[in-house]
Amino acid sequence: MDHLPVVNEPDHRCGALLDHLARRMRLHGERVLDPLGLRPRHLVALTVLRERSGMTQQALSATLMVDRANIVGLLNDLEGAGFVERIRSAQDRRRHFVQLTEAGMSRLAAAECALAGAEDEVLSALDPVQREQLYVLLQRATAADDADCVVAVAED
């Protein structure tokens, strides 16, 4: 069976390459986080808490889009390692505020440094100008995606 050419189809498709690059980035990232006792979900929570320390456990759950049962397990991991502390609200004994500790801040800084090294390794074939171009293009592509998501949510 003959296949008809698709009109205006680009010679190159990016999806598979982006997926491969994302997979490499994720694997390298997990490799450098593991010795620090962190998983990607821990890193995201610590990053949010650095920006919005003192938020309630419920607000953190909503921000991370993690259900209440899973946020408890995540916070148990982080609190057990000494990276966060939960403080019971004086006004509502059922509510807890979560904040980053000094140890958490230090571990987050180490993780970000390690992840920068992993990114350098994955993108080593690109020079600094090409990396900046890639960054700008990815920002533009994700901004368009974010705008589509906002429209889709507004239509629901």
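For clarity, every value in this text was computed on a predicted model and none was experimentally measured. Note that these values count all heavy atoms, side chains included, but never hydrogens, waters or copies made by symmetry.
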Checking the side chain of [X] only, and the main-chain atoms of [Y] only, is there a donor and an acceptor separated by less than 3.5 Å?
{"X": "Thr101", "Y": "Phe83", "result": "yes"}
{"X": "Ser61", "Y": "Gln57", "result": "no"}
{"X": "Glu30", "Y": "Leu27", "result": "no"}

Side chain to side chain, [X] and [Y], heavy atoms closer than 4.5 Å:
{"X": "Leu60", "Y": "Leu74", "value": "no"}
{"X": "Leu78", "Y": "Leu100", "value": "no"}
{"X": "Leu108", "Y": "Leu49", "value": "no"}

Quick check for you: to the nearest 0.5 Å, what is the distance between [X] atom [atom1] and [Y] atom [atom2]?
{"X": "Leu134", "Y": "Leu21", "atom1": "CG", "atom2": "CG", "value": "7.0 Å"}
{"X": "Met65", "Y": "Ile71", "atom1": "CE", "atom2": "CD1", "value": "12.0 Å"}
{"X": "Glu121", "Y": "Arg31", "atom1": "CD", "atom2": "CZ", "value": "5.0 Å"}
{"X": "Leu126", "Y": "Asp120", "atom1": "CG", "atom2": "CG", "value": "11.0 Å"}
{"X": "His96", "Y": "Thr56", "atom1": "NE2", "atom2": "OG1", "value": "11.5 Å"}
{"X": "Met55", "Y": "Phe97", "atom1": "CE", "atom2": "CZ", "value": "10.5 Å"}

*asked:* Can you tell me if Gln139 has over 12 outside heavy atoms packed within less than 6.0 Å of its CD?
replied: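 Counting other residues, nucleotides and ligands, CD of Gln139 exceeds 12 neighbours.
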_Test: Asp19 and Arg26 ion pair at under 4.0 Å_ =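 Arg26 and Asp19: not salt-bridged.
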*Can you pull the side-chain hydrogen bond (donor to acceptor under 3.5 Å, both in side chains) pairs that have at least one residue in residues 103-119, sequence neighbours excluded?*
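As it turns out, the side-chain hydrogen bond (donor to acceptor under 3.5 Å, both in side chains) pairs with a partner in residues 103-119, which skip direct neighbours, are Arg50-Glu112.
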_side-chain hydrogen bond (donor to acceptor under 3.5 Å, both in side chains) contacts in which one or both residues fall within residues 32-47, not counting sequence neighbours_ =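 Those involving residues 32-47 are Arg41-Asp77, His42-Asp77.
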[X] and [Y]: which non-hydrogen atoms are nearest, and at how many Å?
{"X": "Arg24", "Y": "Val122", "result": "NH2-O, 3.4 Å"}
{"X": "Ala103", "Y": "Gly82", "result": "CB-O, 3.6 Å"}
{"X": "Gly29", "Y": "Ala118", "result": "N-CB, 4.3 Å"}
{"X": "Ala111", "Y": "Leu43", "result": "CB-CD1, 3.7 Å"}
{"X": "Thr63", "Y": "Arg52", "result": "OG1-NH1, 3.4 Å"}

Are [X] and [Y] grouped together when hydrophobic residues (ILVMFWY) are joined by side-chain heavy atoms under 4.5 angstrom apart?
{"X": "Val48", "Y": "Val72", "answer": "yes"}
{"X": "Val32", "Y": "Val44", "answer": "yes"}
{"X": "Leu38", "Y": "Leu64", "answer": "yes"}
{"X": "Tyr135", "Y": "Leu123", "answer": "no"}
{"X": "Leu18", "Y": "Leu137", "answer": "no"}

